[in-house]
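Only one structure is covered here, and it is reproduced in the block below.
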There are 2 protein chains.
Amino acid sequence: MDTEARAAVLKRSAFFHGLNAAIVDKIAAAALERLLKPNETLFQQGDPSTHHYIVAWGRLRLDQTTPDGKNIVLRFMGPGDLVGSVAVFRSIPYPATPTAVEETRVFQWTSDRMNELMSEYPVLAAKAMAMMGGRIGELQERLQQISTQQVERRIAAAILRIVAQSGRKTDVGVEIPFPLSRQDLAEMTGTTLHTVSRTLSAWIDEGVLEGKRSSHLVVLKPHRLMQIAEQA
Amino acid sequence: MDTEARAAVLKRSAFFHGLNAAIVDKIAAAALERLLKPNETLFQQGDPSTHHYIVAWGRLRLDQTTPDGKNIVLRFMGPGDLVGSVAVFRSIPYPATPTAVEETRVFQWTSDRMNELMSEYPVLAAKAMAMMGGRIGELQERLQQISTQQVERRIAAAILRIVAQSGRKTDVGVEIPFPLSRQDLAEMTGTTLHTVSRTLSAWIDEGVLEGKRSSHLVVLKPHRLMQIAEQA
DNA sequence: CGAATGATTTGCGTTAGCGCAAATCAGTCT
DNA sequence: AGACTGATTTGCGCTAACGCAAATCATTCG
């Protein structure tokens, strides 16, 4: 990918959106690239945090492993999302592992390089704060859901969240454009593979979802899912 | 409180720690104060976010009410903690309500005033990011706990987190220096009042805790609590 | 002081969802 | 095509934790 193509991608990201074009070109020029095949990891939880990344295209799943060997899915990241920055800002090791769920291209900058850019263009700091604030809001929402709602509602909410972030409209409904296993959903909602499977089966019977085994999930009746997610 | 006293408080806070003394004096001079009696709220969830606050002394409980009327405790805030800033940065209404659990004094700055200060002293932006990053880390940790651990472990972890943030050493153990009800603990850990009560009763029997009804909780055997929190 | 209010404790029946196990299925590899 | 691998489905029993209800206790207020 040449600098120009990189700049075009960056201009579309929330993080660099609205910046002067010349600045974005310069930032794009400073980036290195990396291409991940499905199941490749960008870095490992526990590694020293050295780089900021931004997803150009593709999709990453951000996993956190607990001390006792369990796994939770913190989020999925798509084009324009920043990866690793929070850890770099805090000067702590990366707290989670990003794994490609499909072929994914990322750009990267060293911590130092990004610091230079941020002091040169202070608006970047504001963007970074907006990004972190959004992350806080999302985490608080999930904490609230998992604390107060039962499993079925949480699964519905998780699917809707993914749809809102990455859904692709088709003629029959909204498609989740990357492979999403029952296990993934279980680890996003704090439940088990089995319960997710049962719940999705019921929804498929009801005609709310469609999901031939390995193909991508399609939400046929988003409205019905929202109803489930909000039912008192 | 005069400017000098305010500056002394600020210098001890994580947010302003390490700044040039003259700068802190100036910031202190720009602050207004507010004094809250127990159970008074600083603002309401849903109010437009207009001010940044910092706790001078006392203690706030940050509550979030869900659309269906349930309540969760996001955190307790003590001296030096920033309140409201994340919402102000994001230009969204305050997402939660801070309530004083004891007499509490806060300083406040308008959004505009703080923006001026932050552009004048860029190091403040870095401090704000560190604060937000810490919040993200804490939320991820709680999400992970509530997703994977059973209730007893979560309650132990919640008590230990409070002890780490606000514990006061006494000759018999560590005291939590503000009133903390079973209900509060339930809303912090995503369980019920009843389960918390049963669990604490068992611990009191075991000699791990001490907590005459209305008096403050004292952890007699922190080590034992840690053991419970970490048991596989 | 005695009543009233609110928090806490505790017993008990219920159940959502877990965990195990086995069967099934889809896609891949040879 | 046939064997293999990993994901998914489904049945079944179990239990952690909930939810209700009643009793107890502490504190405040008249």
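Lettering follows sequence order; numbering is per chain, from 1.
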For [X] and [N], what is the distance between atoms [atom1] and [atom2] respectively, to the nearest whole Å?
{"X": "B:Q183", "N": "D:dG19", "atom1": "CD", "atom2": "P", "answer": "12 Å"}
{"X": "B:Q149", "N": "D:dA16", "atom1": "CD", "atom2": "P", "answer": "16 Å"}
{"X": "B:E152", "N": "D:dA16", "atom1": "CD", "atom2": "P", "answer": "11 Å"}
{"X": "B:E187", "N": "C:dT8", "atom1": "CD", "atom2": "P", "answer": "12 Å"}
{"X": "A:R154", "N": "C:dG17", "atom1": "CZ", "atom2": "P", "answer": "7 Å"}
{"X": "A:L185", "N": "D:dT8", "atom1": "CG", "atom2": "P", "answer": "9 Å"}
{"X": "A:R153", "N": "C:dG17", "atom1": "CZ", "atom2": "P", "answer": "12 Å"}
{"X": "A:W203", "N": "D:dT8", "atom1": "CH2", "atom2": "P", "answer": "15 Å"}

Taking the side chain of [X] as heavy atoms from C-beta outward, which of [options] is closest to it?
{"X": "A:L193", "options": "D:dT10, D:dT8, C:dT10", "value": "D:dT8"}
{"X": "A:S197", "options": "C:dT9, C:dT8, D:dT10", "value": "D:dT10"}
{"X": "A:V151", "options": "C:dT10, C:dC20, C:dG17", "value": "C:dG17"}
{"X": "A:T192", "options": "D:dT10, D:dC18, C:dC18", "value": "C:dC18"}
{"X": "A:Q150", "options": "C:dT9, D:dA17, C:dG17", "value": "C:dG17"}
{"X": "A:R198", "options": "D:dC18, D:dC12, C:dT9", "value": "D:dC12"}

- Task: Would you indicate whether the side-chain heavy atoms of A:W57 and A:V55 approach each other to under 4.5 Å?
- Result: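 No, their side chains stay 4.5 Å or more apart.
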- Is it true that a side-chain atom of B:R105 and a backbone atom of B:G58 form a donor plus acceptor pair closer than 3.5 Å?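 No: the side chain of B:R105 does not pair with the backbone of B:G58.
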- Side chains of B:R59 and B:S166: is there a donor and an acceptor less than 3.5 Å apart?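 Judged by distance alone, the side chains do pair up.
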Are [X] and [N] close enough that a side-chain N or O sits under 4.0 Å from OP1 or OP2?
{"X": "B:R182", "N": "C:dT9", "result": "yes"}
{"X": "A:T191", "N": "C:dC18", "result": "yes"}
{"X": "A:T195", "N": "C:dC18", "result": "yes"}

- Which residue pairs pass the salt bridge (Lys or Arg N to Asp or Glu O under 4.0 Å) test when at least one of the two sits in residues 174-196 of chain B, sequence neighbours left out?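 Output for this query lists B:R61-B:D184.
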- Message: Give me each pair satisfying salt bridge (Lys or Arg N to Asp or Glu O under 4.0 Å) with a member in residues 129-149 of chain A, each pair once, sequence neighbours excluded.
- Response: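 Those involving residues 129-149 of chain A are A:R75-A:E138.
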- Assess whether one donor atom and one acceptor atom, taken from the side chain of A:H194 and the base of D:dT8, lie less than 3.5 Å apart.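 In this structure, the two groups form no donor-acceptor pair.
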